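Down below is the structure, laid out as structure tokens.
The structure presented is a predicted model; accordingly, all values stated were derived computationally and were not measured.
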Amino acid sequence: MGSLFSKQFERRKNIKAEKKTLCDLNENCGESYPGSDYRPADRKNWMAGLGVDKVYINKIVWPGTHDSATNKIGIPFITRPFAQCQSLSVYQQLVKGTRVLDIRVNENRRVCHGVLTTYGIDVVIGDIKKFLSETQSEVIILEIRTEFGHQDPPEFEKYLEEQLGEYLIHQDEHVFGKTIAELLPKRIICVWKPNKSPRPQSGSPFWNAGHLKDNWIDTDLPSTKFDSNLKHLLEQPPASSRKFFYRVENTVTPQPDNPIVCVKPVTNRIHGYARLFITQCFTKGCADRLQIFSTDFIDEDFVDACVGLTQARVEGAC
């Protein structure tokens with residue numbers, strides 16, 4: 001018992017120290033970078049607002065959500081706090097400005113996060129189609145993966161193509177160098193990551209795991225995650241030259257050996273430092289590598305942080 005108490009005390013001490021590290025860095029370095037003052041007039045149509053003939057796919061800083069379809073996962077007040085990473089529906093996230101969705105499914109086509117499940121994938125598809133019907137030129141990256149420990153849903157590619165075929169941007173590496181205007185009316189880059197089924201090949205309506213990469217680490221320590229994100233981003237080629245999307249997640253994850261295992265209080269340790277991270281990207285010389293930037297519980301300021309940097313790139317300010 002004494003050993004356990006000592007371990008928990010040390011962990012709480014480390015968390016407190018890491019939170020202070022980010023707080024101090026923010027006070028010393030601030031949150032100013034090219035485009036940081038920009039606010040889109042209409043987040044629902046922010047891509048259109050930047051000019052679809054000027055916005056190249058590889059210049060966009062894509063605001064994304066982590067575990068996007070978990071707003072109603074599990075049982076309220078019982079299991080939900082341990083798995084809920086978003087409080088908004090997929091449609092509400094898209095309206096707020098989200099443009100990258102992270103969806104995990106099981107063999108029954110239900111959205112899940114670990115062992116907990118929620119509504120079927122039909123709800124996600126319905127939200128996406130509703131948003132697309134209400135906008136004209138917003139492009140979405142839709143990542144769908146089979147959750148770890150589950151089997152691939154049968155005939156899933158066929159289902160997705162039946163549901164989204166008219167919108168799907170087929171797998172073609174030339175897409176990275178095109179403008180949104182050149183891709184329209186196609187508007188979804190769908191990255192399908194099955195566990196065992198063959199991965200989509202060039203020319204397919206779907207993109208594969210090699211086209212959306214990250215270096216996720218499992219930690220609840222905010223400065224550790226922040227520094228790891230910078231380290232791995234520095235190792236990437238510039239977004240303008242690579243033929244894959246690279247994601248950085250502004251999140252930390254509850255750990256089973258820590259008393260605090262609910263998502264929101266843990267991820268809040270890093271949530272407010274998205275703009276600081278972008279500032280540090282400029283300081284470290286890797287701002288040209290930032291591309292997909294994802295978060296838990298997305299809000300307007302996070303979207304604006306990404307859109308502002310995108311606007312600066314489009315206008316040649318960085």
Side-chain angles (χ1 to χ4, degrees), residues 11 14-16 18-19 21-23 25-26 31 61-71 73-74 80-88 90 92-93 96-104 111-114 116 118 141-145 147-148 191 193 212-233 236 245-258 260-281 286 289-306 309:
R11 284 184 59 82
N14 290 340
I15 290 169
K16 184 178 180 179
E18 293 216 2
K19 288 167 68 175
T21 296
L22 289 183
C23 183
L25 184 64
N26 194 55
E31 302 177 338
V61 181
W62 303 74
T65 50
H66 167 247
D67 266 303
S68 305
T70 54
N71 58 308
I73 200 162
R80 184 168 297 173
F82 305 117
Q84 184 185 44
C85 298
Q86 307 297 330
S87 56
L88 302 175
V90 165
Q92 290 169 328
Q93 291 172 42
K96 194 177 288 288
T98 301
R99 293 296 178 267
V100 181
L101 299 171
D102 160 24
I103 309 296
R104 293 98 181 280
V111 177
C112 54
H113 185 184
L116 296 180
T118 181
I141 298 176
L142 171 61
E143 178 196 30
I144 306 182
R145 70 178 86 173
E147 179 70 309
F148 179 77
V191 181
K193 297 181 176 180
L212 203 171
K213 304 178 183 180
D214 56 39
N215 285 282
W216 179 81
I217 64 167
D218 187 12
T219 181
D220 62 354
L221 298 173
S223 182
T224 295
K225 182 64 175 285
F226 192 97
D227 292 343
S228 175
N229 284 341
L230 281 171
K231 172 183 176 293
H232 288 298
L233 191 62
Q236 305 306 313
F245 295 101
Y246 184 77
R247 173 172 52 208
V248 173
E249 291 192 320
N250 189 59
T251 62
V252 285
T253 311
Q255 300 300 301
D257 63 345
N258 192 281
I260 302 176
V261 292
C262 296
V263 173
K264 196 157 193 174
V266 172
T267 201
N268 275 347
R269 297 169 188 166
I270 199 172
H271 185 270
Y273 295 108
R275 289 180 178 271
L276 175 65
F277 183 81
I278 297 175
T279 303
Q280 288 299 295
C281 287
C286 58
R289 293 156 171 76
L290 187 60
Q291 192 172 44
I292 295 177
F293 199 23
S294 293
T295 189
D296 292 324
F297 303 102
I298 197 164
D299 55 29
E300 289 89 348
D301 189 68
F302 185 89
V303 170
D304 292 353
C306 297
L309 182 51

* Take Q93 and N71 through the side-chain contact (heavy atoms from CB on, under 4.5 Å) test and state the conclusion after the steps. => CA-CA 11 Å; Q93 291 172 42; N71 58 308; 5.7 Å; no

* Structure fact -> Residues G97 and V303: closest non-hydrogen pair is CA-CG1, 3.9 Å

* Can you tell me how far CD of E300 sits from NZ of K96, rounded to the nearest 0.5 angstrom? -> 3.5 Å

* Asked: Of all residues at least two apart in sequence or in a different chain, which pass the ring pair (Phe, Tyr, Trp, His ring centres under 6.0 Å) check with F293?
  -> F277, F302

* Contacts of type side chain to side chain donor-acceptor pair (under 3.5 Å), residue T251, not counting sequence neighbours -> K225

* To do: List for me each residue that meets salt bridge (Lys or Arg N to Asp or Glu O under 4.0 Å) alongside K264, sequence neighbours excluded, and say none if there are none.
  => none

* Structure fact -> Those residues at least two apart in sequence (or on a different chain) that pass side chain to side chain donor-acceptor pair (under 3.5 Å) with D102 are R104

* **Distance (rounded to the nearest 0.5 Å) between Q255 CD and D220 CG** => 5.0 Å

* With sequence neighbours excluded, what pairs up with P81 under the side chain to side chain contact (heavy atoms under 4.5 Å, CB included) test? -> C262

* Structure fact -> Tightest non-hydrogen contact, residues L276 and L22, listed as CD2-O, 3.8 Å

* Could you list the residues that satisfy side chain to side chain donor-acceptor pair (under 3.5 Å) with N215, not counting sequence neighbours? => Y246

* Rounded distance (nearest 0.5 Å) linking atom CD1 of I144 with atom CD1 of I103 -> 7.0 Å

* **salt bridge (Lys or Arg N to Asp or Glu O under 4.0 Å) against D227, all qualifying residues, sequence neighbours excluded** => none

* To do: Kindly write out the residues that satisfy salt bridge (Lys or Arg N to Asp or Glu O under 4.0 Å) with D214, not counting sequence neighbours, or none if the list is empty.
  => R247

* Structure fact -> Those residues at least two apart in sequence (or on a different chain) that pass side chain to side chain contact (heavy atoms under 4.5 Å, CB included) with L116 are I73, T79, A83

* If you look at every heavy atom in S294 and H66, which pair is closest and at what distance? -> CB-N, 4.5 Å

* Asked: With sequence neighbours left out, what residues match K193 under salt bridge (Lys or Arg N to Asp or Glu O under 4.0 Å)?
  -> E143

* So which heavy atom on V248 is nearest to which on L233, and how close? -> CG2-CD1, 4.0 Å

* Decide yes or no on side-chain contact (heavy atoms from CB on, under 4.5 Å) for E18 and V252, but give the supporting numbers first. => CA-CA 12 Å; E18 293 216 2; V252 285; over 6 Å; no

* Asked: Got a sec, which residues hit side chain to side chain donor-acceptor pair (under 3.5 Å) with H271, two or more places apart in sequence or on another chain?
  -> none

* Asked: Can you list the residues that meet the side chain to side chain contact (heavy atoms under 4.5 Å, CB included) rule with V100, with sequence neighbours excluded?
  -> W62, I141, I292

